Amino acid sequence: FLATRPIDEDLLEELEEMLIGADIGVQTSMEIIERVRREVDRKALKNGEELKEHIKKELLRILAEIPNKGFNLDHNPTIILVVGVNGVGKTTTIGKLANYMRGQDKTVCVCAADTFRAAAVEQLQIWAERAGVDIVLKEGSKDPAAVVYDALERVNETNADVLLVDTAGRLHNNPNLMNELAKIRRITTRDFENAPHHVLLILDAVTGQNGLQQAKKFVDKVGVTDLIITKLDGTAKGGIAVAIANELNMPIQFIGVGEQMNDLLPFNHQDFVNLLFK
Amino acid sequence: SLSEKLQKSFRNLTGKGKISEENVQSALKEIRLALLEADVNFKVVKKFVNEVKEEALGQEVTRGLDPGQMLIKIVNEKLIEILGGSSPELNFKGSGPHIIMMVGLQGSGKTTSCGKLAKRLAAEGRHPFLVPCDVARPAAILQLQTVGKQVDIPVFDSHGIGKPLDIVKKATVEARNTGRDVLIIDTAGRLHIDEALMGELKSLRAFLEPSEILFVADAMTGQDAVTSARSFHEAMDITGVVLSKMDGDARGGAALSIKSVTERPIKFIGTGEGMEGFERFHPDRVASRILG
Ligand SMILES: Nc1nc2c(ncn2[C@@H]2O[C@H](COP(=O)(O)OP(=O)(O)OP(=O)(O)O)[C@@H](O)[C@H]2O)c(=O)[nH]1
Ligand SMILES: Nc1nc2c(ncn2[C@@H]2O[C@H](COP(=O)(O)OP(=O)(O)OP(=O)(O)O)[C@@H](O)[C@H]2O)c(=O)[nH]1
Ligand SMILES: [Mg+2]
Ligand SMILES: [Mg+2]
């Protein structure tokens, strides 16, 4: 129906609201519509459908401009730290990633460094079993650092290709917890060159503008390298990832689309932008 | 801050002027921006700003009173009115045992909130019983059992039963036999668009006839808060809301979105991972937080 709609202020406002409704953020949405408005003024866009396609191009351009070194697993071993605020899907994503990497013929070890939350270790144990991978945990330990030390040793002993470190959820505005995470990161740098090779920030697709603040704080404290957006099987569009990608130059590597082990997909720019417009 | 921005937009309006269509436009824009940046849903913002405009138009700007301050006052009072209003008390009418169901999206804080609520009710002299009905998530039952130990509240052992309906049937019997007068039902996180799982929730409700169905939502939720809250409300007729993770620095606009679309009271907020991190909802505090 858009193809028949004339381009007027109402349509532009509607499309701006759609971007805002996708959590793209007010400022970014306004900027995009402003750029598009200039194309309209140049008489370069004839109808609503062309307008929509142009907006999609704008979003794709923002995402494409982010430098992406890809998700390299050939560091021998590759040490990966998984971080994020509470309940976003870190532990579940590690299970999915472990399975995905096994499918790429990598031997994987997961580290249960969430020594705080009730049944966090048991939850990861079940995922490790499902994915058929090794797990390092420390019964009764309240010290995440100790478990990480053990895991690094195990990786050395077994020559595992990849280590995935699960950490406790934590709010980015809690200085003690962020300091703890920085310490955990420091430990992973000790034994292997250039470790940690990836610091994955897990972000829930329903997150609003606070997601940008989350990302900034985690980048400052532990140097996030890649983003994974979870729960895109819901109705939230995950538009905050565009703002994060744009402002922090951070690539999105995967998306979570469900609660089962196979519900992990490599990030696809076009699919993501199409979903934003559904 | 918003008040500074509003004072700027009213810079030309002093003395005996009136707030008019023309001079209020830029102020309304600032209010809209502030609310959107606070994650209030854009449709809720539209309605809100229109109502503020109605109220503001024609107001006399008397000498000595700053029109920006007047507008902030209107906005703040309106926020408090929308956020508050209905009774935040839990419903314990009639004879027990009373049943409280905790529902919501994945990871919103249901299991943790079950423990916090149980602790609070026990402190009020009640005898809560925690019932784990999440048979999908790995170690979910163990998680609630562990939480139960932390707050010294008995937890039904749901292991090996398999179906939530069978779990609650057995748990209600055990509750009666052990003198527990309020059951707190922890359900699996689910998407509001998952018809099968929403159906399961409906049949649980039909059997339990709960006195409270609390929708647990994450304070950092963005625009989608309206969609999920509305769907859960249409499916379950929720009685109240718990806003978790308010110890974060999210502005919490989701509170306004959820309240507007369900018209159900926000009864509690989660303020930490520990079992003591549970407080009554205060509309005035959340209003000023949303305004930034
Ligand atoms: N629908 C859906 N649910 C997901 C997805 N990823 C994770 N979940 C669910 O989200 C909930 C939280 O997942 P967890 O893996 O425990 O999250 P976490 O970040 O490790 O949580 P904490 O360790 O407590 O901070 C669980 O119910 C998961 O099944 C996804 O992509 N889609
Ligand atoms: N900081 C903070 N963390 C919280 C709060 N409430 C819950 N959490 C944390 O959020 C994460 C998810 O909590 P859960 O209770 O497992 O969430 P859930 O809704 O039961 O998750 P599912 O059963 O998978 O849907 C855990 O890490 C909790 O410790 C809160 O008020 N503040
Ligand atoms: Mg976890
Ligand atoms: Mg739970």
Side-chain angles (χ1 to χ4, degrees), chain A residues 16-27 29-30 85-92 95 116-127 129-130 168-174 177 204-211 213-214 217 230-231 233-240 256 258-260, chain B residues 32-43 45-46 105-112 115 136-150 188-194 217-228 231 244-245 247-254 272-273:
Chain A
E16 183 182 274
E17 285 185 337
M18 204 202 61
L19 292 174
I20 292 173
D23 286 312
I24 299 262
V26 198
Q27 296 302 340
S29 302
M30 285 178 17
V85 301
N86 306 72
V88 294
K90 297 177 293 299
T91 307
T92 305
F116 171 76
R117 207 209 68 210
V121 173
E122 289 83 352
Q123 183 187 7
L124 187 64
Q125 268 181 301
I126 293 171
W127 276 111
E129 212 171 303
R130 286 178 181 179
R170 69 203 63 224
L171 293 182
H172 51 287
N173 61 327
N174 184 321
L177 293 184
D204 191 326
V206 307
T207 311
Q209 298 310 298
N210 192 249
Q213 191 57 4
Q214 283 177 28
K217 283 281 163 66
T230 58
K231 308 180 197 173
D233 46 320
T235 51
K237 309 288 183 180
I240 191 61
E259 302 191 68
Q260 308 308 324
Chain B
R32 173 178 178 265
L33 230 67
L35 293 175
L36 285 174
E37 285 173 345
D39 284 326
V40 182
N41 180 272
F42 74 92
K43 292 195 180 122
V45 172
K46 212 173 201 161
L105 296 173
Q106 289 90 345
S108 63
K110 298 174 292 300
T111 305
T112 308
R137 171 174 156 153
I141 297 170
L142 179 65
Q143 184 186 0
L144 190 62
Q145 286 176 323
T146 307
V147 161
K149 283 207 196 78
Q150 286 171 5
R190 68 203 61 216
L191 295 178
H192 45 292
I193 51 172
D194 187 326
D218 196 320
M220 68 180 182
T221 308
Q223 298 287 311
D224 194 59
V226 149
T227 315
S228 53
S231 298
S244 68
K245 309 176 203 172
D247 46 317
D249 56 12
R251 297 262 292 275
E273 288 194 77

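What you see is a predicted model; the values in this text were computed from it and never measured. Chain naming here is simple, since letters A, B, ... match the order of the sequence lines and numbering starts at 1 in each.
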Review point. Nearest 0.5 Å, what's the NE2-CG distance between A/His172 and B/Asp249?
Key: 3.5 Å
Practice item. Mind ranking B/Asn41, B/Thr146, B/Leu142 by heavy-atom pairs under 4.5 Å with chain A and telling me who comes out on top? Key: B/Leu142
Check your understanding: To the nearest 0.5 Å, how far apart are OG1 in A/Thr91 and CZ in B/Arg137?
Key -> 7.5 Å
Review point. Below 4.5 Å, heavy atoms only, C-beta onward: do A/Arg117 and B/Gln143 meet side chain to side chain?
Key: yes
Review point. Chain B heavy atoms under 4.5 Å from A/Gln125: which part of the residue, side chain, backbone, both or neither?
Key: neither
Review point. Checking heavy atoms, do the side chain of A/Val85, its backbone, both or neither come under 4.5 Å from chain B?
Key: side chain
Review point. Side chain, backbone, both or neither: which part of A/Asp233 has a heavy atom under 4.5 Å from chain B?
Key: both
Review point. Are side-chain heavy atoms of B/Asp218 and A/Val206 found at a separation under 4.5 Å?
Key: no
**Study point:** Under 4.5 Å from a heavy atom of chain B, the part of A/Glu122 involved
**Key:** both
Review point. What part of B/Asp194 gets closer than 4.5 Å to chain A, counting heavy atoms only: side chain, backbone, both or neither?
Key: neither
Review point. How close do B/Glu273 and A/Leu177 get, heavy atom to heavy atom, and via which atoms?
Key: OE2-CD1, 4.5 Å
Study note, to complete from the structure: When every non-hydrogen atom of B/Val147 is compared with those of A/Ala118, the smallest separation belongs to CG2-CB, 4.2 Å
Exercise for review: Provide the closest heavy-atom pair for B/Pro138 versus A/Trp127 in the form atom of the first, atom of the second, distance.
Suggested key: CG-NE1, 3.7 Å
Review point. Nearest heavy-atom pair of B/Ala139 and A/Ile126: which atoms, and what distance?
Key: N-CD1, 3.7 Å
Practice item. Tell me, out of B/Ser231, B/Gly107, B/Ala254, B/Ser108, who's got the most heavy-atom pairs with chain A below 4.5 Å. Key: B/Gly107
Review point. In terms of heavy-atom proximity below 4.5 Å to chain B, should A/Gln260 be classed as side chain, backbone, both, or neither?
Key: neither
Practice item. Would you check if A/Glu17 and B/Lys43 make a side-chain contact, meaning some heavy-atom pair closer than 4.5 Å? Key: no
Check your understanding: Can you tell me if A/Glu259 and B/Gln106 form a side-chain donor-acceptor pair at under 3.5 Å?
Key -> yes
**Study point:** Value rounded to 0.5 Å, distance of CD in B/Gln223 from OG1 in A/Thr235
**Key:** 11.5 Å
